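As structure tokens, the structure follows; a few thoughts come after it.
Because the structure is a prediction, the values reported are computed rather than measured.
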Amino acid sequence: MSHLGHGIGLRREHYSAFVSDDAPAPAEVDWLEVITENFLVPGGNPRRVLRKVRERWPVVMHGVSLSIGSTDPLDLDYLDSVRALATEIEPAWVSDHVCWGVVDGRNAHDLLPLPYNEDSLTHVVARVAAVQERLGRQLVLENVSSYVEFASSDLTEAQFLSELATRADCRLLVDVNNIFVSAHNHGWNAHDYLRALPRDRVAQYHLAGPSAHEGLWLDTHDHPVLDEVWSLYETALELLGPHPTLVEWDASIPPLGRVIEESTHARRVEAAFLARAHVSAR
């Protein structure tokens, strides 16, 4: 997986900036991430927009419905639709989340955390293998924000992800904001979390802005990236190296230029890290 550079999420509010024939394409955007489920239906305007965007930019498909940790059977029709879309647009990779959200056929429409223990790990490893076989490609899986923990967990979340990536031969999407949110909510050490992740399994970073609510941080994607998250991103670069980085802004979406400003800041943070690394290596 190559280093695509710095990207943003493709959102309906900004479609025109990326598909207009009358205006120059935003040169500051190296690649775009799309929410897979928004483009699964063949035909229609979303698919038209995606095809046109793909002519100019690399695209990553990011899903929210895989429910890889559920005990319900895998939704093979959904997976076949994902595979068909991937075949058409040839994304750089396909990602989703280490979570569950479906039980007894009912979808909670949320990304719920797992118990982190050997039973869960064995279960998820087998399901990742089945999904990768069905899709014909390696998955990239993201850590989620959480607000509760399971008493049955005897592994840390980072240990669980590390073992999952190794045993299932998948890659990791390291959401730096989610680490910040969960570390604050549960009293984890975010730097220890990053140290426990396998550097050679990381494919991508996410950055986003959370919201504070009654002593918790919530993963709302409706604010600029916090200073604390920028600092944690610098630590991630030091411990895990540079990887394609995307800024998520999914609610209270500002004009495109404001989102690009956040992505440009991430580019500067990475450039400063690389400059320091170059000096240290001399």
Side-chain angles (χ1 to χ4, degrees), residues 1-66 78-97 135-140 142 173 175 177 203-209 220-225 233 242-271:
M1 295 180 178
S2 60
H3 192 342
L4 298 181
H6 292 265
I8 65 172
L10 178 64
R11 300 296 177 259
R12 184 181 64 254
E13 290 81 354
H14 303 145
Y15 278 178
S16 60
F18 292 98
V19 300
S20 173
D21 294 324
D22 301 322
E28 310 93 332
V29 178
D30 296 331
W31 59 282
L32 290 155
E33 183 183 82
V34 301
I35 302 300
T36 301
E37 289 75 10
N38 291 344
F39 299 90
L40 289 182
V41 176
N45 189 57
R47 197 73 160 249
R48 180 192 68 81
V49 168
L50 180 55
R51 284 195 294 266
K52 197 169 182 65
V53 165
R54 184 64 185 89
E55 292 173 1
R56 299 187 182 186
W57 287 274
V59 166
V60 167
M61 289 168 50
H62 185 55
V64 296
S65 301
L66 182 58
Y78 167 75
L79 292 177
D80 289 344
S81 295
V82 172
R83 179 169 182 158
L85 179 61
T87 299
E88 178 179 341
I89 70 165
E90 298 180 341
W93 55 83
V94 174
S95 63
D96 208 290
H97 302 79
L135 296 181
R137 63 179 64 236
Q138 191 178 40
L139 270 178
V140 178
E142 176 187 344
L173 194 173
D175 191 311
N177 176 67
Q204 180 189 339
Y205 293 121
H206 268 175
L207 300 169
T220 51
H221 298 183
D222 59 355
H223 283 76
V225 178
Y233 178 51
H243 298 282
T245 299
L246 180 121
V247 172
E248 297 181 292
W249 204 320
D250 298 323
S252 302
I253 297 176
L256 177 61
R258 182 66 189 91
V259 183
I260 291 177
E261 285 178 11
E262 292 291 282
S263 180
T264 300
H265 186 74
R267 191 189 302 273
R268 294 192 185 112
V269 171
E270 181 190 80

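Summarising the geometry of Ser95 relative to Leu173, their closest heavy-atom pair is OG-CD1, 3.9 Å, with the distance given to 0.1 Å. Shown here for Pro26 and Leu256, the closest heavy-atom pair between the two residues is CG-CD2, 4.0 Å. Taking both residues in full, the closest heavy atoms of Val94 and Arg137 are given as CG2-CD, 3.5 Å, listed atom of the first, atom of the second, then distance. Here the closest heavy-atom approach between residue His14 and residue Ile253 is recorded as CE1-CG2, 3.5 Å. Shortest non-hydrogen contact noted between Ser263 and Gly7 is OG-O, 3.7 Å. Scanning both residues, Pro91 and Ala86, for their nearest heavy atoms gives CD-O, 3.3 Å.
The CG atom of Asn45 lies 9.5 Å from the CZ atom of Phe39; values are rounded to the nearest 0.5 Å. Here Ile89 contributes atom CD1 and Thr36 contributes atom OG1; the two are 7.5 Å apart, rounded to the nearest 0.5 Å. Distance OG/Ser252 to NE2/His221: 12.5 Å, rounded to 0.5 Å. Atom CH2 of Trp57 and atom CG of Leu10 lie 9.0 Å apart (nearest 0.5 Å). One distance of note links CG of Leu50 with CG of Leu32; it measures 9.5 Å at 0.5 Å rounding. With rounding to the nearest 0.5 angstrom, the CH2 atom of Trp249 is 12.5 Å from the CD atom of Glu13.
The pair Glu28-Arg267 does not meet the salt-bridge criterion, since no charged nitrogen lies less than 4.0 angstrom from a carboxylate oxygen. A salt bridge links Glu262 to Arg258: at least one charged side-chain nitrogen sits closer than 4.0 Å to a carboxylate oxygen. A salt bridge does not link Glu88 with Arg54: every distance from a Lys NZ or Arg NE/NH1/NH2 to an Asp or Glu carboxylate oxygen is 4.0 Å or more.
Taking the six-membered ring where the residue is Trp, His206 and His62 present perpendicular rings, their angle passing 60° and hence far from 30°.
Evaluated for a side chain to side chain contact (heavy atoms under 4.5 Å, CB included) with Glu248, the options Asn177, Asp175, Leu207 yield exactly one hit, Asp175.
Residues Met61 and Val34 meet the side-chain proximity criterion, which asks for heavy atoms closer than 4.5 Å. In this structure the side chain of Tyr78 reaches within 4.5 angstrom of the side chain of Ser65, judged on heavy atoms. Between Pro58 and Asp30 the shortest side-chain heavy-atom distance does not fall below 4.5 Å. Residues Pro254 and Val259 form a side-chain contact, since some pair of their non-hydrogen atoms from C-beta on lies under 4.5 Å apart.
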**Request:** Go through Glu142 and Gln204 one step at a time and tell me if the side-chain hydrogen bond (donor to acceptor under 3.5 Å, both in side chains) criterion holds.
**Result:** CA-CA 9 Å; Glu142 176 187 344; Gln204 180 189 339; over 6 Å; no
**Request:** Check the pair His6, Val247 against side chain to side chain contact (heavy atoms under 4.5 Å, CB included), reporting the backbone distance first and the verdict last.
**Result:** CA-CA 8 Å; His6 292 265; Val247 172; over 6 Å; no
**Request:** Report the C-alpha distance between Val60 and Leu4 in whole Å, list the side-chain angles of each, state the deciding distance to 0.1 Å, and finish with yes or no for side chain to side chain contact (heavy atoms under 4.5 Å, CB included).
**Result:** CA-CA 10 Å; Val60 167; Leu4 298 181; 4.2 Å; yes
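For Glu270 and His265, the side-chain atoms include no donor-acceptor pair closer than 3.5 Å. Counting only N and O atoms by type, the side chains of Tyr233 and Thr245 include a donor and acceptor under 3.5 Å apart.
Distance alone, capped at 3.5 Å, is enough to place a donor-acceptor pair between the Trp31 side chain and the Gly5 backbone. No donor-acceptor distance shorter than 3.5 angstrom exists from the side chain of His97 to the backbone of Leu66, with no hydrogens or angles considered.
Sparse packing is recorded around CZ of Arg12, with 12 or fewer heavy atoms of other residues, nucleotides or ligands lying under 6.0 Å away.
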